[in-house]
A.B. asks: 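Dumping the structure here so I can ask a few things about it.
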Protein chains: 2
Amino acid sequence: MNLKELSAKLNLSQTTVSRALNGYPEVKEETRRRVLDAAERYNYLPNARAKGLATGRSHAIGHVIPISSKHEMVNPIFGDFIAGAGETYSKCGYEMLISVVEDDQAEEAYRSLKRRAVVDGVIVHGPRKDDPRIPLLQDLDLPFVVHGRASGLALDYSWLDVNNRRSFQRATEFLLDLGHRRIALLNGLEAMDFASRRRAGYERALADRGINPDPGLEISGEMTEAMGYRGALDLLDRAMPPTAFLVSSMISALGVRRALEDRGLRMGADVSVITHDDALSYFTTGADVPLFTSTRSSVRDAGRQVAQMLIDGINTPDAPPQQVLLEAELMVGRSTGPAPTD
Amino acid sequence: MNLKELSAKLNLSQTTVSRALNGYPEVKEETRRRVLDAAERYNYLPNARAKGLATGRSHAIGHVIPISSKHEMVNPIFGDFIAGAGETYSKCGYEMLISVVEDDQAEEAYRSLKRRAVVDGVIVHGPRKDDPRIPLLQDLDLPFVVHGRASGLALDYSWLDVNNRRSFQRATEFLLDLGHRRIALLNGLEAMDFASRRRAGYERALADRGINPDPGLEISGEMTEAMGYRGALDLLDRAMPPTAFLVSSMISALGVRRALEDRGLRMGADVSVITHDDALSYFTTGADVPLFTSTRSSVRDAGRQVAQMLIDGINTPDAPPQQVLLEAELMVGRSTGPAPTD
DNA sequence: CTGTCATCTCAAAGCGTTTTCAAATCTGCC
DNA sequence: GGCAGATTTGAAAACGCTTTGAGATGACAG
């Protein structure tokens with residue numbers, strides 16, 4: 001059933017039917033009812049391709065993600081973010097389009113999405129320092145919102161980020177207050193913007209207490225379980241092992257916990273651990289005291305908000321870019337305690 | 001730059017240019033070269049909407065997922081599956097479209113995708129017993145492939161599944177051979193088809209050894225970390241606790257491990273654990289002996305294959321449905337050992 | 001030189017919408 | 001009854017592509 005057939009059944013022109021369906025004011029209320037009823041009865045929905053061609057809008061948002069997990073995209077966080085964004089999309093009548101591309105093809109993918117007019121806008125994941133995608137997208141004139149930020153760019157664009165610097169600074173201060181002095185940092189890849197911000201917060205907190213950050217205590221890499229495990233083992237086996245770990249992801253923190261276990265150390269007593277917790281839906285441990293002390297910020301909620309920002313931006317093209325900075329909350333769990341006195 | 005402008009620049013008709021670009025034979029080789037060069041130079045790519053309207057194909061595949069994680073969709077597995085499917089899509093020039101919908105709106109979502117002609121086919125996730133989506137999709141005449149199977153349906157459709165029954169049967173036998181007699185099963189929601197198949201395999205192995213399955217040792221629920229933790233604690237605190245756990249997901253297995261730790265039990269010595277491992281990319285622990293003994297099957301690879309099956313099916317509409325049954329491999333890790341003699 | 005065939009090219013008709021511009025119909029008022 | 005103005009409707013032109021059916025052109029044989 002298409003518009004032509006529907007209008008034939010109604011003895012109306014396609015124009016009138018289209019208007020009635022799209023809520024234009026110049027159609028008699030009775031006619032509109034008749035049209036709406038018929039559409040319902042005959043199960044009519046407008047062909048999205050034709051509509052898109054006519055309106056110049058695709059009502060779709062693109063997410064370009066590199067195929068490898070090198071840049072931490074295809075990871076547990078991604079699923080939750082997508083779920084949040086997807087909620088907003090379906091609420092607003094948008095489709096979500098995901099493009100999985102070779103690592104070096106991301107920019108080409110944006111170009112292609114724009115030129116083929118496949119999407120009305122895109123969301124940028126995992127920004128790096130001076131991320132080239134941002135000037136590219138501005139250049140392409142393709143609306144976008146960044147999940148995170150790219151320091152080093154003097155451009156005005158829309159983003160939503162967690163205050164990573166502040167949250168890791170607070171977490172570090174919390175550990176310092178507990179008496180810890182040798183605090184290790186297991187961070188994401190240094191190229192990732194959030195990682196460098198977290199490190200800045202960590203080092204700032206140490207500096208404020210007159211402690212010189214020890215580069216030997218800072219590890220950065222892809223945030224897998226294995227990275228947490230290996231990194232922690234490595235540090236624990238040194239002459240002066242850290243008494244606390246600040247870990248950038250829950251997954252890696254699980255690796256750290258495994259390492260502690262291997263070495264017969266009790267988490268929260270012998271060694272303290274704070275992790276960043278993205279509040280992943282399948283990892284929440286219910287109502288009791290959480291396993292890990294963590295800096296907490298829902299990535300699903302971030303997805304919802306970022307999507308909404310983008311849709312708003314698409315609907316009001318002349319509005320200035322929006323920036324949102326979320327504060328992570330420090331949740332005290334069972335993985336932290338006073339530094340052991342030795 | 002659109003086709004009209006491009007053909008104007010070339011002094012050719014749109015017809016010829018279109019044919020040249022799409023590799024039709026009836027255009028002179030020299031002309032084709034000229035067209036291809038110009039397309040390259042002017043950065044021309046055909047408008048996807050217009051192309052779709054003209055050809056009746058959207059070159060997009062839909063994935064409908066319920067908003068909640070109740071049906072275990074928005075979970076770590078999903079990300080990896082999507083990554084695999086996405087690889088195939090971009091290789092074959094398809095877009096991946098993800099629709100996040102309210103739990104009870106999935107069927108309406110399929111209807112809408114079909115009627116609006118948004119996608120050329122869909123992939124069905126997390127089939128349940130007698131899953132109503134399958135007859136619906138057949139009815140809608142929308143090509144689809146199921147990741148998993150739905151027992152109870154006497155329909156012929158395309159699916160790809162892991163041999164869940166066999167893999168859990170083997171895992172159970174492995175535990176039995178190690179001398180375990182009280183083996184707990186921490187399974188996914190009973191409504192999920194894979195969960196009932198796994199249970200069947202487990203009970204079959206027990207029955208083959210003359211052991212009556214104890215319903216008290218079987219727990220099913222959403223496969224979160226908390227579920228593993230709570231379930232294990234509950235079982236461990238009984239009068240006759242199990243000496244081994246068979247767990248349906250890595251995430252829940254991590255919960256089980258936490259419970260063992262809480263009770264001062266050593267995994268692999270006091271209590272054995274086997275889990276199903278979807279070989280998630282960010283969970284691989286490298287080259288050494290894996291932490292968990294597991295039944296292993298790459299969900300990413302499944303994504304790749306399912307996507308390919310669907311695309312093949314779309315391209316040859318008259319071909320019969322395809323079925324693929326993958327065998328999971330039993331990887332012996334450090335979480336299993338002989339049953340303690342008491 | 002003509003006719004035949006193969007090769008190459010094109011104008012125009014779709015595909016299913018929206019939207020512009022014009023026309024028809026109604027309303028109230030003199 | 002006629003007319004201005006408001007209200008409703010409709011025919012047709014876009015949107016950017018593919019594809020049909022037919023027309024040029026050139027080569028070659030008779």
Side-chain angles (χ1 to χ4, degrees), chain A residues 1-36 38-39 42-60 93-95 112-120 315, chain B residues 1-36 38-39 42-60 93-95 112-120 315:
Chain A
M1 172 69 56
N2 58 25
L3 187 60
K4 196 186 212 166
E5 292 162 21
L6 183 63
S7 7
K9 291 229 189 269
L10 285 162
N11 272 330
L12 286 172
S13 73
Q14 298 190 31
T15 312
T16 306
V17 175
S18 171
R19 280 193 180 126
L21 291 171
N22 291 306
Y24 281 67
E26 61 270 73
V27 43
K28 189 158 48 170
E29 211 36 58
E30 183 214 321
T31 314
R32 186 190 307 281
R33 272 259 57 84
R34 222 158 55 83
V35 171
L36 255 34
Y42 295 114
N43 251 338
Y44 170 79
L45 281 183
N47 179 303
R49 291 191 290 258
K51 186 165 189 157
L53 186 55
T55 58
R57 310 284 228 83
S58 59
H59 270 253
Y94 275 76
E95 307 292 342
S112 164
L113 288 178
K114 166 71 180 187
R115 289 213 304 261
R116 295 182 301 138
V118 173
V119 298
D120 294 338
N315 290 332
Chain B
M1 171 70 54
N2 59 23
L3 187 60
K4 197 188 210 166
E5 293 162 20
L6 183 64
S7 0
K9 291 228 188 266
L10 285 161
N11 273 329
L12 287 172
S13 74
Q14 298 190 32
T15 313
T16 306
V17 175
S18 171
R19 283 202 174 117
L21 291 172
N22 291 308
Y24 280 66
E26 61 270 72
V27 43
K28 188 159 46 172
E29 208 37 56
E30 183 214 323
T31 314
R32 187 190 306 283
R33 271 258 60 82
R34 221 157 58 82
V35 170
L36 255 34
Y42 296 115
N43 252 338
Y44 171 80
L45 281 183
N47 179 303
R49 293 191 288 259
K51 186 165 189 157
L53 186 55
T55 58
R57 311 284 228 81
S58 60
H59 271 255
Y94 275 76
E95 307 291 342
S112 164
L113 288 178
K114 167 72 180 185
R115 290 213 305 261
R116 295 183 302 140
V118 172
V119 298
D120 294 337
N315 291 332

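Every chain is numbered from 1 and lettered A, B, ... according to where its sequence line falls, protein lines coming before strand lines.
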A.B. asks: Should A:Arg115 and B:Asn43 be marked as a side chain to side chain contact (heavy atoms under 4.5 Å, CB included) after you check the CA-CA gap, both sets of side-chain angles, and the distance that decides it?
C.D. replies: CA-CA 8 Å; A:Arg115 289 213 304 261; B:Asn43 252 338; 2.9 Å; yes
A.B. asks: Quick one about A:Thr15 and A:Ser18 (side-chain donor to acceptor, distance below 3.5 Å, no hydrogens or angles considered), yes or no?
C.D. replies: no
A.B. asks: Nearest nucleotide by nearest heavy atom, which residue falls closer to the 5' end of DNA chain C, A:Ala54 or B:Glu29?
C.D. replies: B:Glu29
A.B. asks: Taking the minimum atom-to-atom distance to the side chain of B:Tyr24, which one of C:dG14, C:dG16, D:dT19 wins?
C.D. replies: D:dT19
A.B. asks: Give the nucleotide from the list D:dG16, D:dT8, C:dG16 with an atom nearest to the side chain of A:Lys28.
C.D. replies: D:dT8
A.B. asks: Is B:Lys51 close enough to D:dG16 that one of its side-chain N or O atoms is under 4.0 Å from OP1 or OP2 there?
C.D. replies: no
A.B. asks: D:dT9 phosphate, OP1 or OP2: any side-chain N/O from A:Thr16 under 4.0 angstrom?
C.D. replies: no
A.B. asks: Assess whether one donor atom and one acceptor atom, taken from the side chain of B:Thr15 and the base of D:dT19, lie less than 3.5 Å apart.
C.D. replies: yes
A.B. asks: Less than 4.0 angstrom between a side-chain N/O of B:Asn47 and OP1 or OP2 of D:dC17, yes or no?
C.D. replies: no
A.B. asks: Between A:Asn2 and A:Leu6, does a side chain to side chain contact (heavy atoms under 4.5 Å, CB included) hold up when you go through it step by step?
C.D. replies: CA-CA 6 Å; A:Asn2 58 25; A:Leu6 183 63; over 6 Å; no
A.B. asks: Measure the distance from CG on B:Leu3 to P on C:dC15 and round it to the nearest whole Å.
C.D. replies: 19 Å
A.B. asks: Under 4.0 Å, heavy atoms only, any strand: does A:Arg19 hit a base, just the sugar-phosphate, or nothing?
C.D. replies: base
A.B. asks: Base, sugar-phosphate or nothing for A:Ser18? Non-hydrogen atoms, less than 4.0 Å.
C.D. replies: base
A.B. asks: Could you tell me whether the phosphate oxygens of D:dG16, OP1 or OP2, come under 4.0 Å of any side-chain nitrogen or oxygen in B:Tyr44?
C.D. replies: no
A.B. asks: Just the rounded figure in Å: distance from P of C:dT9 to CD of B:Gln14.
C.D. replies: 16 Å
A.B. asks: Does B:Asn22 make a side-chain N or O approach to OP1 or OP2 of D:dT18 shorter than 4.0 Å?
C.D. replies: yes
A.B. asks: Quick test of your reading of the model: are A:Glu26 and A:Arg32 salt-bridged, counting only N-O distances below 4.0 Å?
C.D. replies: no
A.B. asks: Grab the CD-C1' distance between A:Glu26 and C:dA24 for me, whole Å please.
C.D. replies: 15 Å
A.B. asks: For A:Asn315 and A:Arg57, run side chain to side chain contact (heavy atoms under 4.5 Å, CB included): C-alpha distance rounded to whole Å, both residues' side-chain angles, the deciding distance at 0.1 Å, then the answer.
C.D. replies: CA-CA 11 Å; A:Asn315 290 332; A:Arg57 310 284 228 83; 3.6 Å; yes
A.B. asks: Between atom CG in A:Leu53 and atom P in C:dG14, what is the gap in whole Å?
C.D. replies: 17 Å
A.B. asks: Within this structure, what is the CG-to-P distance between B:Leu21 and D:dC17, rounded to whole angstrom?
C.D. replies: 10 Å
A.B. asks: Can you find a side chain N or O atom of B:Thr31 that sits less than 4.0 Å from OP1 or OP2 on C:dT9?
C.D. replies: yes
A.B. asks: Atom CZ of B:Arg33 to atom C1' of C:dC8: distance rounded to whole Å?
C.D. replies: 18 Å
